[in-house]
Amino acid sequence: MKMNGTDLLTSFSDAGSESAFSELVRLYTNLVYSVAKRRLSDSALAEDVTQSVFTRLANAAPRLRSDAELVAWLHRTTVHVAIDTWRSETRRRTREQHAAAMEPAHTENNLWEELSPILDEAMNQLSTADRQALLLRFFEQKAMREIGRILGVSEDAAKMRVGRALDRLRTRLSA
C-alpha cells in the first residue's frame, strides 16, 4: 500500500519511522529545493535551506490533515527559511566587505600596479570587437542595453559578446 505525505508524516510522528521520514524527504525534496533556489538563486544556499526545512519537519512534525496542507507547510517554511538565509548571507557579506575595506589601501594599489601591465597586454591581444566590448562594460561602466545600442546589436547579443570577450581575456591571463 502506497502511503501519501500525511500518512508518512503521521507514521514518522507517531512511531518514529525513519523509513517514513526518508520517503517524505524523497517525495518533497524537489519541491523544497526549487522554492529555495527560486528565492535565493544560489544552489549551495538552496541545498542548505532544503536541509533546514526537513530538519524542522523532523524536529517539530506538524499535525496536518492532508497532502495539500503538508505541501503548503513545506512551501511556507521554505520561503521563511530562505528569507532568513538571505538576510544572514547579506549580513555576512556586509561584514566581509567592511573588513576588506579596513585593509590597508596600499596593498590594493601595489597589486594593481603589478597586474595592470599584464591586463593591458592581454587586452591588446584581444580582437578589436572584444576589446571594445570590455572597455565599454568595465572601463566606461556602460549597461548592457547601452553597449548593445553602441555596437548596433540587441542587449542579449551584447551580453553574449561581453561574456565571450571575458572568457577570451581569462584564457589569455591564465596563459
Side-chain angles (χ1 to χ4, degrees), residues 22 25-59 71 73-175:
S22 294
V25 171
R26 189 189 68 72
L27 286 173
Y28 296 107
T29 294
N30 288 339
L31 166 78
V32 172
Y33 176 81
S34 64
V35 170
K37 180 81 160 84
R38 280 193 308 274
R39 295 292 302 204
L40 298 168
S41 299
D42 182 304
S43 299
L45 290 177
E47 289 172 8
D48 292 345
V49 167
T50 301
Q51 187 173 7
S52 294
V53 168
F54 284 109
T55 299
R56 286 183 183 192
L57 182 64
N59 290 336
V71 169
W73 184 92
L74 288 169
H75 184 273
R76 184 178 58 253
T77 302
T78 302
V79 168
H80 290 296
V81 172
I83 290 169
D84 291 345
T85 300
W86 179 82
R87 286 178 181 152
S88 175
E89 189 66 16
T90 301
R91 284 191 298 270
R92 182 189 63 76
R93 279 194 211 119
T94 301
R95 284 191 304 271
E96 287 176 359
Q97 288 170 352
H98 182 69
M102 294 173 66
E103 289 289 317
H106 65 82
T107 304
E108 195 173 291
N109 289 337
N110 291 344
L111 182 61
W112 180 248
E113 287 173 12
E114 290 176 31
L115 291 178
S116 61
I118 297 167
L119 179 60
D120 287 339
E121 181 59 33
M123 288 286 290
N124 285 336
Q125 292 174 3
L126 294 174
S127 70
T128 303
D130 286 347
R131 188 170 44 255
Q132 184 181 21
L134 291 177
L135 289 172
L136 287 170
R137 179 68 178 131
F138 297 105
F139 290 91
E140 294 185 29
Q141 299 184 348
K142 301 281 186 194
M144 290 297 181
R145 179 175 288 147
E146 182 70 10
I147 294 170
R149 189 189 59 72
I150 291 169
L151 299 177
V153 297
S154 70
E155 182 178 351
D156 289 337
K159 287 179 187 176
M160 290 296 291
R161 224 178 252 190
V162 169
R164 288 180 180 150
L166 272 174
D167 289 341
R168 289 183 190 106
L169 182 61
R170 278 189 201 102
T171 300
R172 294 206 188 282
L173 288 172
S174 66

(Q) I'd like to know whether V53 forms a side chain to side chain contact (heavy atoms under 4.5 Å, CB included) with V35, so could you lay out the CA-CA distance, the side-chain angles of the two residues, the decisive distance to 0.1 Å, and finally the verdict. (A) CA-CA 11 Å; V53 168; V35 170; over 6 Å; no
**Q.** Minimum heavy-atom distance between Y33 and T50, given as atom pair plus value
**A.** CA-OG1, 3.3 Å
Q. What pair of heavy atoms forms the shortest contact from A36 to V49, and how long is it?
A. CB-CG1, 3.7 Å
**Q.** Stepwise side chain to side chain contact (heavy atoms under 4.5 Å, CB included) check, D48 with T85
**A.** CA-CA 9 Å; D48 292 345; T85 300; 5.7 Å; no
Q.
Going by salt bridge (charged side-chain N to carboxylate O under 4.0 Å, His left out), name the residues that satisfy it together with R91, two or more places apart in sequence or in a different chain.
A. none
Q: Could you tell me which residues satisfy salt bridge (charged side-chain N to carboxylate O under 4.0 Å, His left out) with R145, sequence neighbours excluded, listed by chain and number?
A: E155
**Q.** Min side-chain heavy-atom separation R137-M144 under 4.5 Å
**A.**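 Result yes, sub-4.5 Å side-chain heavy-atom pair found.
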Q: Evaluate the side-chain proximity of V71 to Y28: yes if any heavy-atom separation is below 4.5 Å, no if none is.
A: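 Of all side-chain heavy-atom pairs linking V71 with Y28, at least one is under 4.5 Å.
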(Q) For R93 and E96: C-alpha separation, side-chain torsions, deciding distance, then whether salt bridge (Lys or Arg N to Asp or Glu O under 4.0 Å) applies. (A) CA-CA 5 Å; R93 279 194 211 119; E96 287 176 359; over 6 Å; no
Calculate, to the nearest 0.5 Å, the distance between atoms [atom1] and [atom2] belonging to [X] and [Y] respectively.
X    : Y    : atom1 : atom2 : result
L151 : R161 : CG    : CZ    : 5.0 Å
I118 : L173 : CD1   : CG    : 8.0 Å
K37  : L45  : NZ    : CG    : 10.0 Å
R164 : D130 : CZ    : CG    : 10.0 Å
S22  : L27  : OG    : CG    : 11.0 Å
Q51  : T55  : CD    : OG1   : 5.5 Å

For [Y], is there any backbone N or O sitting under 3.5 Å from a side-chain donor or acceptor partner on [X]?
X    : Y    : answer
R172 : Q125 : yes
R131 : M123 : yes
T78  : L74  : yes

Q: Can you establish whether the number of heavy atoms outside W86 located under 6.0 Å from its atom CH2 is more than 12?
A: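 Atom CH2 in W86 is not packed in, count stays at 12 or less.
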Q: Walk me through it: do E140 and I147 pass the test side chain to side chain contact (heavy atoms under 4.5 Å, CB included)?
A: CA-CA 10 Å; E140 294 185 29; I147 294 170; over 6 Å; no
Q) Checking side chain to side chain contact (heavy atoms under 4.5 Å, CB included) for the pair L119/L169: CA distance, chi angles, key distance, verdict? A) CA-CA 9 Å; L119 179 60; L169 182 61; 4.0 Å; yes
